[in-house]
Each structure stands twice: as C-alpha cells, then as structure tokens.
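Shown next, in structure tokens, is the structure this report addresses.
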2 protein chains.
Amino acid sequence: MNQLKLENQLCFPFYAISRQITALYRPLLEPLDLTYPQYLVLLVLWEHKNLSVKELGKKLLLDSGTLTPLLKRMEQDGLVNRQRDKADERVVFVSLTNKGIELENEAKDIPFKLASCLALSMEEFFSLKAQLDKLMETTSALK
Amino acid sequence: MNQLKLENQLCFPFYAISRQITALYRPLLEPLDLTYPQYLVLLVLWEHKNLSVKELGKKLLLDSGTLTPLLKRMEQDGLVNRQRDKADERVVFVSLTNKGIELENEAKDIPFKLASCLALSMEEFFSLKAQLDKLMETTSALK
DNA sequence: TGCAATTAAATTGCAAACAATTTAATTTTA
DNA sequence: TAAAATTAAATTGTTTGCAATTTAATTGCA
C-alpha cells in the first residue's frame with residue numbers, strides 16, 4: 001500500500017472533516033453572528049463564567065496569538081468583557097456580557113441539529129467519540 | 001448530558017485533532033520547506049502528474065480562493081508549474097517541476113513517522129479510517 | 001449566428017492559526 | 001534586595017480558508 005496516496009492517509013480525513021464540520025456549523029451560527037471559534041469560546045464561557053485568556057487557551061488548545069484578536073472581535077460585538085486581573089496585571093479575565101449569556105438559549109439546539117447532519121447512530125457516535133478522545137490525549141501529550 | 005459542554009461534543013475533537021496533527025507534521029515538513037496544505041498538493045501531484053486547479057480542488061476539498069495563492073507560492077518556490085490549457089483558456093493545469101518530483105523521495109518516510117506519533121494499533125488505525133471515510137462521505141454529500 | 005447561461009480562475013476582504021518576538025508584570029534566586 | 005528568569009498577553013508577519021465578486025472563456029440555445 002502506497003502511504004503517499006491521499007486515500008490511504010488518516011490525517012487528510014481529519015483535516016477535511018474538520019473543515020466540513022465547520023461548514024455545517026456556518027448556516028447554524030450565521031443567524032447568531034458567530035464564527036465556529038467564537039462559538040467554542042462561548043461554549044467554554046457558558047460553563048465557566050470567568051476565565052483568563054490562558055485558561056481559555058488551555059481548554060481550546062489555542063494561544064494568545066489566536067485568542068487575543070478573536071476575543072477583541074467578540075468584545076467589539078458586545079459578547080464578552082475583557083479585564084486585567086487586579087491581583088496580577090499580566091492576566092486578562094474574559095467574561096460574558098448579558099448579550100453573551102443570552103445567546104446560550106438561542107444556541108441550545110445547535111448541537112442536536114449538527115449531530116443529525118452527521119447521521120451517526122448512538123453506538124457510532126460514542127465509539128467515535130472514545131477513539132477521538134484517546135487520539136486527542138496522545139497528540140496533546142506530544143506538545 | 002449537557003450538549004453545550006465542550007467535553008460532550010464530537011466536533012471539537014475534530015477541530016482540535018486536525019490542528020494537532022498539522023502541528024505534528026510541522027517539524028517533519030519544515031526541512032522540506034513545506035506547509036501541510038502544500039504537502040497535500042504534492043501528495044496529489046505525485047500520484048496524478050498533471051491536474052487542473054479544479055480537479056486538485058475536488059480532491060482536497062479546496063476552492064480556487066485557497067488554491068490560487070497557495071499554488072502561486074509553490075510556483076515561486078519552484079515546486080510546481082502552472083499553465084493555461086491551450087484547448088480551454090479558462091483552465092489552469094498544475095504540474096510538478098523536477099524539484100517537486102524529487103521531493104517525493106525525501107518525503108517518503110513522513111507518513112510512517114507521523115503514524116508512529118499517533119500510536120494506534122493496526123486494528124485501531126483501520127477502524128478509525130473506516131469511520132472517518134464514512135463520515136467524510138456523509139458530510140461531503142451535504143454540500 | 002448571437003446573446004444568455006455556465007464555467008474556471010482569480011481577486012477581494014475578512015477571520016483564523018501559529019511561529020516568533022515584544023512588553024510588562026511577577027517570581028526566583030543569588 | 002536587585003538582577004535574572006519566568007510568565008501572560010499582545011504584537012508582527014505569514015499562510016490558510018472561505019464567501020462573494022469579478023474576469024474571461026466556453027457552451028447552449030433561441
């Protein structure tokens with residue numbers, strides 16, 4: 001088997017599916033005026049209220065080079081507040097505005113709508129999820 | 001189960017693993033002066049010699065908005081030739097230069113090196129590949 | 001034939017993504 | 001305590017990725 005053929009690669013499907021999934025989110029997120037990475041930030045903040053850029057980056061595997069401009073755009077859009085920690089001026093805390101909090105309700109159907117696009121059975125879903133989580137652990141450890 | 005929690009999502013692992021894998025490729029591709037998307041273009045051209053931008057885009061799921069500048073950079077780097085089809089001036093064919101052809105030999109170990117990073121058994125590899133291929137088919141059909 | 005529709009690339013503009021560097025604050029340690 | 005090391009964000013510069021539009025060529029069909 002020729003390993004240099006695209007069809008024999010495992011990595012290309014990850015690259016392609018990742019972009020396809022983002023494309024599936026687009027029409028669902030557009031009414032909320034969100035991009036997929038912005039939606040991910042909101043997912044985390046709906047759960048954790050108040051996080052530093054560092055902590056947010058740890059959960060999303062993104063660094064400040066990506067997050068700072070992204071968060072500034074979200075601040076511009078009135079979704080989040082950014083403020084320096086009084087106790088440690090290096091740290092910037094990110095929290096939700098009322099508008100950001102209220103979006104949770106409008107977004108609550110999105111995971112179901114998207115899951116239905118993927119057309120997986122419960123078994124397939126959980127099996128795949130387990131394999132991805134394992135792979136995620138492997139690749140995260142290689143940092 | 002709260003579907004709006006990051007940890008319960010299937011899509012986030014795809015997004016994150018995709019970027020992690022690209023990060024794993026980086027040190028392998030850097031000596032060849034390639035980015036991951038450029039490497040993908042070469043994978044296709046090593047197999048198919050001569051393709052239009054359209055055909056290349058079909059294989060990689062990328063449009064001319066992404067490919068045109070990417071291919072221009074690869075042309076600048078002396079990896080590919082771009083020339084308009086004489087028979088149909090709308091079409092641009094992309095082919096490899098000698099330098100591009102020769103890179104295949106230098107790249108031939110990359111898939112194995114990368115596969116070893118992922119630490120999957122043969123069974124896991126093929127099982128995962130099958131599930132991804134199926135998902136890919138599903139999401140591609142939703143275009 | 002000749003105009004409308006279609007097609008393939010290219011272009012424009014914007015949002016990520018990330019390496020590398022910089023800035024400023026805090027901690028360590030000599 | 002003061003300089004060195006570390007840390008957190010921000011900044012800079014480059015490459016992707018994609019929607020939307022434009023340009024130019026070809027095809028279809030009235």
Side-chain angles (χ1 to χ4, degrees), chain A residues 12 14-27 29-30 32-41 51-58 60-77 79-94 143, chain B residues 12 14-27 29-30 33-41 51-77 79-94 143:
Chain A
F12 175 68
F14 275 108
Y15 165 78
I17 290 173
S18 172
R19 288 184 296 111
Q20 301 257 42
I21 288 178
T22 303
L24 293 178
Y25 272 105
R26 208 164 286 123
L29 294 174
E30 199 190 42
L32 310 187
D33 249 311
L34 294 173
T35 63
Y36 182 60
Q38 289 170 6
Y39 170 70
L40 291 178
V41 167
L51 287 179
S52 67
V53 172
K54 182 78 178 178
E55 293 166 322
L56 201 50
K58 192 164 180 180
L60 298 176
L61 306 185
L62 293 170
D63 68 7
S64 68
T66 300
L67 283 176
T68 296
L70 192 154
L71 292 170
K72 281 183 176 177
R73 282 188 287 274
M74 293 181 75
E75 189 180 39
Q76 284 281 314
D77 296 341
L79 297 172
V80 302
N81 297 124
R82 293 160 66 248
Q83 53 186 359
R84 294 224 167 243
D85 185 359
K86 283 272 159 49
D88 184 343
E89 289 275 357
R90 290 171 304 180
V91 175
V92 168
F93 275 105
V94 186
K143 266 295 154 175
Chain B
F12 175 68
F14 274 107
Y15 165 79
I17 290 172
S18 172
R19 289 186 294 113
Q20 301 259 42
I21 288 177
T22 303
L24 292 178
Y25 272 105
R26 208 163 287 124
L29 293 175
E30 200 191 41
D33 248 310
L34 293 174
T35 63
Y36 182 61
Q38 290 171 2
Y39 169 71
L40 291 178
V41 167
L51 287 180
S52 68
V53 173
K54 182 79 177 175
E55 293 166 322
L56 201 51
K58 193 165 178 178
K59 290 187 186 299
L60 298 176
L61 307 186
L62 293 169
D63 69 6
S64 69
T66 300
L67 282 176
T68 296
L70 192 154
L71 292 169
K72 281 183 175 174
R73 280 187 289 272
M74 293 181 75
E75 189 181 38
Q76 284 281 315
D77 296 342
L79 297 172
V80 302
N81 296 125
R82 292 160 66 247
Q83 52 186 1
R84 295 230 165 236
D85 184 359
K86 282 273 158 50
D88 184 344
E89 290 273 358
R90 291 171 304 181
V91 175
V92 169
F93 276 105
V94 186
K143 266 295 154 179

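None of these values were measured; they are calculated from a predicted model. Naming convention: chains lettered A, B, ... in sequence-line order (proteins, then strands); numbering from 1 in each chain.
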Ring geometry between B:Y36 and A:Y15 (parallel below 30°, tilted from 30 to 60°, perpendicular above 60°):
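Geometry flag for B:Y36 against A:Y15: perpendicular rings.
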Please name the nucleotide paired to D:dG13 by Watson-Crick or G-U wobble geometry with both distances under 3.5 Å, or report none.
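C:dC18 is the nucleotide pairing with D:dG13.
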Does the protein touch nucleotides 8-18 of chain D at the base, only the backbone, or not at all? Give it as B, S and - per nucleotide, heavy atoms under 4.0 Å.
SBBB---SSBB
Rounded to whole angstrom units, what separation is found between the [atom1] atom of [X] and the [atom2] atom of [N]?
X     : N      : atom1 : atom2 : answer
B:D85 : D:dA24 : CG    : P     : 18 Å
A:E30 : D:dA20 : CD    : C1'   : 12 Å
A:L60 : C:dA16 : CG    : P     : 12 Å
B:L24 : C:dA17 : CG    : P     : 17 Å

Tell me the salt bridge (charged side-chain N to carboxylate O under 4.0 Å, His left out) pairs involving residues 66-77 of chain A, sequence neighbours left out?
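Listed by first then second residue: A:E75-A:R82.
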Suppose we screen for ring-ring contact (aromatic ring centres under 6.0 Å, His included). Which residues come up paired with B:F93, at least two apart in sequence or across chains?
none
Identify, with sequence neighbours excluded, every residue that meets side-chain hydrogen bond (donor to acceptor under 3.5 Å, both in side chains) alongside [X].
X     : result
B:D88 : B:R90
B:S64 : none
A:Q83 : none

